[in-house]
Amino acid sequence: MSRKSWIAFGAATIVAIGIGVVQSTHSIADSPVIAQRRALMKEMGKQMGIINDFLQKGTGTAADATAAANLIQADSTKIPGLFPQGTSLNDNVGETGAKPDIWANFEDFKQHAEHLGALATATAAAIPLGENTASADAFANMGKDGCGACHQTYRQKLN
């Protein structure tokens, strides 16, 4: 091989290795999982707002609030799948507050999601009964013991 060929080969090899390193270190960051889970959490927050507005302000309908609680229940089943290994705040994968403790205690994390689902189901069942105290208590439990308990344990507050 001529000297020119060796230089071209060396440059091509360096470029290929560089591309491989960039792709391997950014594959998770470039995947939509972080954006998907942030969107899911934002959507659940919106549904919590619908329920809160119904219970506190009397806006919307019982059917709207019940549908919101049912959507939170359905969304709770998606949570564990949106937290694949390697997507914690220590993994440099984008803006996330997911603590590494999630994967150290993944069964407990999944139980938190299941508990949120059960509390959302209880909230959805209470709202149509028209008893504001029971509905408000179920909703408060969902917020504190469902969302809040998981966030307190597994989420680092973002700035």
Side-chain angles (χ1 to χ4, degrees), residues 20-159:
V21 168
V22 168
Q23 285 180 342
S24 69
T25 60
H26 287 37
S27 61
I28 292 174
D30 293 340
S31 78
V33 73
I34 302 287
Q36 288 172 349
R37 72 183 181 212
R38 289 176 62 84
L40 182 78
M41 297 298 169
K42 188 174 183 175
E43 178 60 33
M44 286 195 296
K46 177 182 172 187
Q47 300 310 312
M48 293 288 283
I50 291 169
I51 300 166
N52 185 66
D53 288 350
F54 174 72
L55 295 173
Q56 298 296 319
K57 301 175 187 173
T59 58
T61 66
D64 294 336
T66 301
N70 285 328
L71 184 57
I72 292 168
Q73 187 285 321
D75 284 348
S76 72
T77 66
K78 300 172 187 174
I79 293 171
L82 293 174
F83 287 83
Q85 185 81 30
T87 60
S88 80
L89 58 92
N90 292 348
D91 293 315
N92 299 317
V93 292
E95 188 175 15
T96 180
K99 293 180 180 177
D101 296 349
I102 291 170
W103 298 275
N105 305 296
F106 202 71
E107 287 304 312
D108 182 63
F109 178 74
K110 290 193 311 189
Q111 287 175 1
H112 275 279
E114 290 171 13
H115 188 58
L116 171 61
L119 294 171
T121 298
T123 301
I127 292 169
L129 300 177
E131 298 177 19
N132 281 352
T133 301
S135 298
D137 288 348
F139 176 65
N141 287 338
M142 181 173 58
K144 181 181 178 203
D145 297 333
C147 302
C150 190
H151 284 186
Q152 183 176 4
T153 305
Y154 295 115
R155 178 180 177 229
Q156 175 70 42
K157 186 105 171 132
L158 299 174
N159 293 332

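The structure presented is a predicted model; accordingly, all values stated were derived computationally and were not measured.
- Counting only distance, with no hydrogens or angles, the side chain of N52 and the backbone of M48 share no donor-acceptor pair below 3.5 Å.
- The two residues L119 and G146 come nearest to each other via the heavy atoms CD1-N, 3.6 Å.
- A donor-acceptor pair under 3.5 Å is formed between the side chain of T153 and the backbone N or O of A149.
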Report task. Check step by step if side chain to side chain donor-acceptor pair (under 3.5 Å) holds for T96 and R38. Result -> CA-CA 8 Å; T96 180; R38 289 176 62 84; over 6 Å; no

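- The shortest side-chain heavy-atom distance between V33 and P84 falls under the 4.5 Å cut-off.
- Closest of all the heavy-atom pairs between A65 and F54 is CB-CD2, 3.8 Å.
- A distance-only check finds no donor-acceptor pair linking the side chain of D145 to the backbone of M142 [under 3.5 Å].
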Requested in this report: List the steps, then state whether side-chain contact (heavy atoms from CB on, under 4.5 Å) holds for I127 with I51.
Outcome: CA-CA 9 Å; I127 292 169; I51 300 166; 4.1 Å; yes

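- A donor-acceptor contact under 3.5 angstrom links the side chains of E43 and Q47, judged on distance only.
- You'll find the side chain of Y154 reaches within 4.5 Å of the side chain of N105, heavy atoms only.
- Of the possible donor and acceptor atoms, one in the side chain of S135 sits under 3.5 Å from a partner among the backbone N and O of A126.
- For the atom pair CG (N70) and OG1 (T121), the distance works out to 7.0 Å, reported to the nearest 0.5 Å.
- Nearest heavy atom pair, residue M41 against residue H151, reads SD-NE2, 4.4 Å.
- Between Q85 atom CD and S88 atom OG the span is 8.5 Å, to the nearest 0.5 Å.
- Distance check: T59 OG1 to D53 CG gives 4.0 Å after rounding to the nearest 0.5 Å.
- The CG atom of L40 sits 6.5 Å away from the NZ atom of K78 when rounded to the nearest 0.5 Å.
- Between D75 and L116, the closest side-chain pair of non-hydrogen atoms is not below 4.5 Å.
- Counting all heavy atoms, side chain and backbone alike, P100 lies closest to N90 at CG-ND2, 3.1 Å.
- With hydrogens and angles disregarded, a donor-acceptor distance shorter than 3.5 Å links the side chain of S76 to the backbone of Q73.
- T66 and A124 make their closest contact through CG2-O, 3.6 Å (heavy atoms, listed as atom of the first residue, atom of the second, distance).
- Residues E107 and K110 have side chains in contact (heavy-atom distance under 4.5 Å, counting atoms from C-beta outward).
- Under the 4.5 Å side-chain criterion, counting only non-hydrogen atoms from C-beta, E95 is not in contact with I34.
- Contact between A113 and I79 at its shortest, heavy atoms only, is CB-CB, 4.1 Å.
- With hydrogens and angles ignored, the 3.5 Å screen pairs no side-chain donor or acceptor of R155 with any backbone N or O of G97.
- Annotation: the span from K99 atom NZ to F109 atom CZ amounts to 12.5 Å, rounded to 0.5 Å.
- Side-chain atoms of W103 come within 3.5 Å of backbone atoms of F83 as a donor-acceptor pair (strictly under, hydrogens ignored).
- The line from CG of D101 to CZ of F106 is 13.0 Å long, rounded to the nearest 0.5 Å.
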